Asks: 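Pasting a structure here, questions to come.
Being a predicted model, the structure only gives us computed values, none of them experimental.
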Amino acid sequence: MEADDLGVVPAHAPDVPGVIDLIARVFAEYRFVWDPLTEVPDLLAFDRHYRRPRGAFFVVRRKGRVVGSVGVERGAGATAELHRLYLDADLRGQGRGRALVEAVLGWCRASGIAHLVL
């Protein structure tokens with residue numbers, strides 16, 4: 001599976017600008033106030049929040065552009081929290097959001113996480 005085929009793939013720190021752009025597009029769509037320093041501090045410290053074993057992050061790309069995202073971060077005990085589930089408007093309702101959540105659930109199972117908080 002190539003990174004540009006709309007499949008879910010693991011993300012890394014270099015993907016952060018693309019994820020931030022995606023979130024900005026969604027905020028604009030809903031006419032929310034967008035301030036990255038306030039809204040996405042976890043992404044600005046990506047490795048601290050999403051590097052194994054602390055967490056994971058996944059993206060969907062189309063022609064190199066991030067068009068979907070989701071993160072998961074370990075909490076106390078066997079709990080984790082789902083973060084940053086975003087998808088460009090034209091891709092919603094096609095199962096890609098579900099695929100992103102399934103990637104998080106797979107990470108949780110592999111990491112011994114029994115409870116996922118949304």
Asks: If you look only at pairs with a residue in residues 104-114, which of them pass as a salt bridge (Lys or Arg N to Asp or Glu O under 4.0 Å), with sequence neighbours excluded?
Replies: none

Asks: Output, in order, the C-alpha distance, side-chain angles, deciding distance and verdict of side-chain contact (heavy atoms from CB on, under 4.5 Å) for Arg62 and Leu91.
Replies: CA-CA 10 Å; Arg62 178 173 48 200; Leu91 296 175; 3.5 Å; yes

Asks: List, one per line, each side-chain donor-acceptor pair under 3.5 Å for residues 93-102, sequence neighbours excluded.
Replies:
residue, atom, partner, partner atom, Å
Gln94, OE1, Arg96, NH1, 2.5
Gln94, NE2, Asp90, O, 2.8

Asks: What pairs with Tyr86 under ring pair (Phe, Tyr, Trp, His ring centres under 6.0 Å), at least two apart in sequence or on another chain?
Replies: none

Asks: Sequence neighbours excluded, which residues qualify as side chain to side chain contact (heavy atoms under 4.5 Å, CB included) partners of Thr79?
Replies: His115, Val117

Asks: Shortest non-hydrogen contact from Thr38 to Pro41?
Replies: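 Answer, listing the atom of Thr38 first, then Pro41: O-CD, 3.4 Å.
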
Asks: Are Ile20 and Val33 grouped together when hydrophobic residues (ILVMFWY) are joined by side-chain heavy atoms under 4.5 angstrom apart?
Replies: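 No, Ile20 and Val33 fall in different hydrophobic clusters.
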
Asks: Which pairs with one or both residues in residues 33-49 pass salt bridge (Lys or Arg N to Asp or Glu O under 4.0 Å), sequence neighbours excluded?
Replies: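 Found Asp42-Arg84, Asp47-Arg51.
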
Asks: Could you tell me if the side chain of Leu82 sits less than 4.5 Å from the side chain of Val72, heavy atoms only?
Replies: no

Asks: Going by the ring pair (Phe, Tyr, Trp, His ring centres under 6.0 Å) test, which pairs reach into residues 20-39, not counting sequence neighbours?
Replies: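 Of all non-adjacent pairs touching residues 20-39, those that pass ring pair (Phe, Tyr, Trp, His ring centres under 6.0 Å) are Phe27-Phe32, Phe27-Trp34, Tyr30-Phe32.
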
Asks: How many angstroms lie between atom CG of Leu116 and atom CD of Glu81, to the nearest 0.5 angstrom?
Replies: 8.5 Å

Asks: Measure across Gly112 and Ala78 and return the closest heavy-atom pair with its distance rounded to 0.1 Å.
Replies: O-CB, 3.8 Å

Asks: Would you check, one step at a time, whether the test side-chain contact (heavy atoms from CB on, under 4.5 Å) holds for Val40 with Val16?
Replies: CA-CA 10 Å; Val40 293; Val16 168; over 6 Å; no

Asks: Do the non-hydrogen side-chain atoms of Val70 and Val59 ever get within less than 4.5 Å of each other?
Replies: no

Asks: I'd like to know if the side chain of Arg74 and the backbone of Pro53 have a donor-acceptor N/O pair within less than 3.5 Å.
Replies: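 Yes: the side chain of Arg74 pairs with the backbone of Pro53.
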
Asks: Taking only residues two or more places apart in sequence or in another chain, which ones pass side chain to side chain donor-acceptor pair (under 3.5 Å) with Arg25?
Replies: Asp88

Asks: For residues 8-24, which residue pairs pass the side-chain hydrogen bond (donor to acceptor under 3.5 Å, both in side chains) check, not counting sequence neighbours?
Replies: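 For residues 8-24: Asp15-Arg61.
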
Asks: Residues in ring pair (Phe, Tyr, Trp, His ring centres under 6.0 Å) with Phe58, at least two apart?
Replies: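 In terms of ring pair (Phe, Tyr, Trp, His ring centres under 6.0 Å), with neighbours along the sequence ignored, Phe58 is linked to no residue.
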
Asks: Side chains of Leu43 and Phe57: closer than 4.5 Å at any heavy-atom pair?
Replies: yes

Asks: For Trp107 versus Arg54, what's the shortest heavy-atom pair and its separation?
Replies: CH2-O, 4.1 Å

Asks: How many angstroms lie between NE2 in His49 and CD in Glu73, if you round to the nearest 0.5 Å?
Replies: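 So the gap between those two atoms works out to 5.5 Å.
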
Asks: What's the verdict on side-chain contact (heavy atoms from CB on, under 4.5 Å) for Val60 and Ser69, showing C-alpha distance, side-chain angles and the deciding distance?
Replies: CA-CA 6 Å; Val60 173; Ser69 71; over 6 Å; no

